[in-house]
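Scroll down for the structure; my scribbles are underneath it.
In the text below, chain A, chain B and the rest are named by the order of the sequence lines, each starting its count at 1.
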Amino acid sequence: MTVQWFPVAELGAIPKNEGRKVSFGEIEIALFNLGEEYRAVDNRCPHKQGPLADGIVSGKSVFCPLHSLNVSLENGCAIRGAGCVKVYPAKVMGARVCVAFYEGKQ
Amino acid sequence: MKPRRLVVIGNGMAGMACLDEILKRKPNFEITVFSEEPYFNYNRILLSAVLAGEKTADEIYINTEEWYRQNRITLHLGEKVVEVDSKNKTILTEKGYSFDYDTLLLATGSHPFIPPIEGTSRKGVYVFRNLKDTGRILEHCKSARKAVVIGGGLLGLEAARGLLNRGLEVTVVHLMDRLMDVQLDAVGGQFLRREIEKLGIEVLLNKNTEKLTGGESVEGVLFKDGSMIPADMVVMACGIRPNVELARQAGLKVNRGIVVNDRMGTSDPSIFAVGECVEHREKVYGLVAPLYDQGKILAATMTGERGPVYEGSTLATKLKVMGIELFSAGDFKGDEPDKEVVAYQDHAFGVYKKIVVHQERVVGAILIGDASDANRFLEMMRKKEPVGDKRHHLLFDAPLASPGSTTDVMSRPDGDTICGCIGVTKGQIVTAIRENNLKTVSAVKACTKASSGCGTCAGLVQEMVKAVAGSTFEEEKKEVLCACVPFPKEQLRTMIKTQNLKSVQDVLDIYGNGMGCYFCKPALSFIVDEVHLGEHKEDRSARFINDRVHANIQKDGTFSVVPRMRGGVTNPKELRKIADVAEKYKVPMVKVTGSQRLDLLGVKKEDLPKIWAELGMTSGYAYAKAVRMVKSCVGTDFCRYGTQNSIATGIKLEELLEGLYTPAKVKMGVVGCPRNCAEATVKDIGLVGIEGGWQVVIGGAAGKSVRAADILCTVKTTEEALEAALLFFQYYRENGEYLERTYDFVPRVGLEKIRRETVLASEEKKTALLGHLEKAKAKAVNPWAVESEKPAHPYQFQDFVLPKDTQALVFQESL
């Protein structure tokens with residue numbers, strides 16, 4: 001299978017346990033530095049579309065800054081309650097963090 | 001009738017508990033107490049908790065100055081009694097004063113035994129007996145690395161745990177073949193040793209100390225077998241000896257302790273003795289419960305009731321070491337052929353239970369790993385009841401009728417002792433709850449003193465309050481911070497302070513789940529900042545987004561910008577700048593806020609630093625749990641009714657406090673007259689100008705809750721008013737719970753207490769509060785000025801935008 005990896009940020013551009021918004025055309029994702037790995041999800045909370053990139057990280061999940069919904073960064077789903085966001089594969093390649101925008105799974 | 005002069009020598013737990021009992025009987029005594037230590041009566045048992053950082057020294061006082069005053073007790077602190085002249089009924093103090101007595105009570109306690117070995121006077125060698133020792137040890141903990149505790153008894157192990165908590169490498173050295181050999185059999189000793197070693201404390205048994213080596217300071221411990229270990233701190237915990245010198249010199253009969261009869265009288269009919277210094281039926285007690293037993297008997301004797309007699313106490317010990325449960329009582333050995341032993345051992349779980357039965361009665365017990373049944377066994381021993389049917393479930397209590405019900409403790413007889421330290425029965429507690437309509441454990445504690453000793457019966461007391469008070473039962477306010485860091489909020493503050501934890505992640509790693517959440521991360525951010533007065537290690541990722549970017553996030557992910565306008569005063573130049581910025585950055589809305597300021601709404605994150613730079617104004621902190629603003633009315637400058645200069649005072653107050661974080665937002669108001677045009681009486685802190693002075697008011701609100709503020713004080717000058725406001729402000733910073741607004745804080749703590757600890761506090765305390773505030777304020781910055789120049793992180797305000805034509809790196813792989 002062919003995967004298109006897009007370099008989105010240099011390593012170190014996102015502080016540990018924080019997220020940043022990454023836009024590419026119509027797509028807007030939240031990219032998180034979890035220390036040992038990077039994770040990417042759609043930047044719109046399933047609750048009221050809050051910007052997840054600005055949330056507080058807790059382990060491998062994030063709390064939305066608007067109403068504190070806790071969303072898993074592993075499967076994109078709210079830990080309590082309904083709703084999921086799309087997850088995008090992310091990984092470090094050399095000095096860059098790369099995201100595969102089109103191959104994400106729901 | 002002229003009151004009888006009662007002189008008490010010793011201000012420790014035994015003496016004061018006995019006085020407490022005496023006072024209950026309302027005797028006609030003129031009471032004078034001499035204390036060699038310069039402190040009010042404190043709970044000596046809890047010194048190990050202070051050493052371990054679980055409590056502060058302030059938290060272990062039993063009686064305050066007020067107690068002495070209310071009971072008209074003359075207290076001489078730091079005044080040692082050096083002579084008792086029993087013929088002339090007078091005593092002489094070290095400072096040369098003499099006092100006559102009609103009745104003398106000796107409660108002189110005991111002193112640590114220091115074995116006659118070389119080197120005990122070197123620097124870095126301590127005993128662990130009183131607050132002063134504890135303070136000296138704690139001071140040395142800051143620089144010491146390797147501690148050796150000589151003595152593996154109760155006190156030695158508690159000291160070792162404390163030192164471990166302080167980050168020292170700790171070895172416990174014991175002369176005998178098992179730890180706590182006075183309280184444990186060989187098997188118990190093995191179980192305990194394993195538990196202690198699991199904590200990370202090294203244990204050396206059968207070690208006879210030859211000398212403490214080193215020069216001026218101690219450097220190591222040399223043993224008789226020739227081996228040696230290094231140490232830059234040595235704590236001697238080799239047992240205690242009764243203080244009997246005064247008694248001996250007074251001509252009283254003294255063996256190991258001051259000999260007393262069953263009514264606690266000494267060989268002189270005017271002199272009584274109580275506590276660790278006495279010997280009763282050839283026994284000397286070094287634990288707290290017998291002291292209370294003795295105190296009650298003695299109080300009856302001294303107030304003329306020839307009632308009960310003292311028949312000795314059942315010895316019971318609980319080890320108070322975080323992470324270890326241990327209980328030992330009575331004859332735990334059971335070696336003799338006529339004694340039976342019922343025992344249970346689970347090595348994997350570290351649980352050891354042993355009950356000794358003699359002639360159908362429980363006479364001793366050891367519980368390690370699970371001491372929840374301790375009180376049940378103690379009660380069986382005290383009552384000397386035949387075991388009978390209970391033999392079937394002696395080690396493990398019979399299952400409850402319905403699981404989780406609270407009938408367990410309630411099904412016990414009224415005479416059962418619940419609090420073994422103070423000696424409070426179930427019946428007394430139930431009566432107290434009923435008659436006084438008590439709803440919380442702390443209320444029961446205040447009323448009956450139950451659970452005010454070692455505190456292990458607090459769980460039982462809680463069950464009783466739940467059962468008796470029913471639906472009116474209230475949980476203690478001391479709830480834990482968060483499931484991620486399950487410690488009571490107050491305790492957490494103490495732990496962070498005493499263990500010098502500087503960052504949120506440190507606290508989460510040591511005391512929490514390592515991850516934290518949206519609630520506890522910002523809460524801990526506030527606490528580490530406040531506790532270290534701004535000298536903490538800032539971790540932006542633990543802050544809410546508002547505090548990372550110094551602006552208030554809006555529902556669409558944009559931010560709002562509120563510049564500071566001190567006292568609600570602005571000028572054309574500022575307004576022009578705001579207008580220019582609003583136009584240049586196409587700010588969708590400019591709004592006058594309820595706080596007499598202007599709000600620029602709908603700003604993009606990446607524009608924030610540019611806007612701040614162009615405004616050149618100070619952050620209004622409208623986004624934070626912090627000092628918001630001071631609203632003011634026009635006051636004497638323009639108003640025809642104004643009695644005080646509210647504008648200048650408002651600006652001054654805002655300048656004094658701006659930039660500081662608080663448990664929850666703090667809004668203030670200053671008004672020039674009681675017409676209250678800037679609504680100061682519904683603010684967290686308000687100054688209300690009156691003819692010839694100010695009223696300082698606190699705890700007001702007109703938000704989710706509406707509450708009229710309480711008057712903290714009325715003062716004459718503006719300086720005094722500002723000082724009162726500052727004192728309350730800092731007191732709230734140090735004692736408020738995270739997210740607790742002043743309108744909850746003031747009623748929770750109580751206005752009287754707040755007054756006592758702020759405006760009515762001693763000069764020393766006031767200076768300390770203001771000193772903390774000054775230090776924190778010196779660290780406070782205008783984040784807009786700092787971060788428009790240089791953000792905390794190069795990409796703090798930056799999103800990443802990929803150009804449309806970005807080339808992908810294409811790989812063949814499986815996802």
**OP:** Among A:Ile56, A:Leu66, A:Asp54, find the one that has a side chain to side chain contact (heavy atoms under 4.5 Å, CB included) with B:Ile545.
**Re:** A:Asp54
**OP:** Heavy-atom distances under 4.5 Å only: say whether B:Arg540 touches chain A with side chain, backbone, both or neither.
**Re:** both
Original post:
Given that the side chain runs from C-beta out, which part of A:Cys64 has a heavy atom under 4.5 Å from chain B: side chain, backbone, both or neither?
Top reply: neither
Original post:
When heavy-atom pairs shorter than 4.5 Å are enumerated against chain B, which of A:Ala9, A:Pro7, A:Ala13, A:Pro65 gives the highest number?
Top reply: A:Ala13
**OP:** Among B:Arg543, B:Lys521, B:Gln796, single out the residue with the greatest number of heavy-atom pairs under 4.5 Å to chain A.
**Re:** B:Gln796
**OP:** Assess whether atom NZ of B:Lys497 is packed by more than 12 heavy atoms of other residues, nucleotides or ligands within 6.0 Å.
**Re:** no
**OP:** Just give me the residue among A:Gly25, A:Ser68, A:Ser61 that pairs up with chain B most often, heavy atom to heavy atom, under 4.5 Å.
**Re:** A:Ser68
Original post:
Does atom NZ of A:Lys16 have more than 12 heavy-atom neighbours, drawn from other residues, nucleotides or ligands, at distances under 6.0 Å?
Top reply: no
**OP:** Among the options B:His793, B:Met515, B:Gln554, B:Lys605, pick out the one with the most heavy-atom pairs lying under 4.5 Å from chain A.
**Re:** B:His793
Subject >> From A:Leu31, A:Ile14, A:Val97, A:Val99, residue fulfilling side chain to side chain contact (heavy atoms under 4.5 Å, CB included) relative to B:Phe800 >> reply: A:Ile14
Original post:
Is A:Ser58 reaching over with its side chain to a backbone N or O of B:Gly516, donor-acceptor style, under 3.5 angstrom?
Top reply: yes
**OP:** Can you tell which part of A:Glu10 gets under 4.5 Å to a heavy atom of chain B, answering side chain, backbone, both or neither?
**Re:** side chain
**OP:** For each of B:Pro522, B:Gly514, B:Ser541, tally heavy-atom pairs with chain A at distances under 4.5 Å, and name the one with the top tally.
**Re:** B:Ser541
Subject >> Segment of B:Lys804 engaging chain A (4.5 angstrom heavy-atom cut-off) >> reply: both
Original post:
Which atom pair, heavy atoms only, marks the closest approach of A:Pro51 to B:Gly557?
Top reply: CG-CA, 3.9 Å
**OP:** Below 4.5 Å from any heavy atom of chain A, which atoms of B:Gln798 appear? Answer side chain, backbone, both or neither.
**Re:** backbone
Original post:
Given a strict heavy-atom distance threshold of 4.5 Å, which part of B:Ala542 is in contact with chain A: side chain, backbone, both, or neither?
Top reply: backbone
**OP:** Check for a donor-acceptor pair, side chain of B:Arg548 on one end and backbone N or O of A:Glu18 on the other, with a separation under 3.5 Å.
**Re:** no
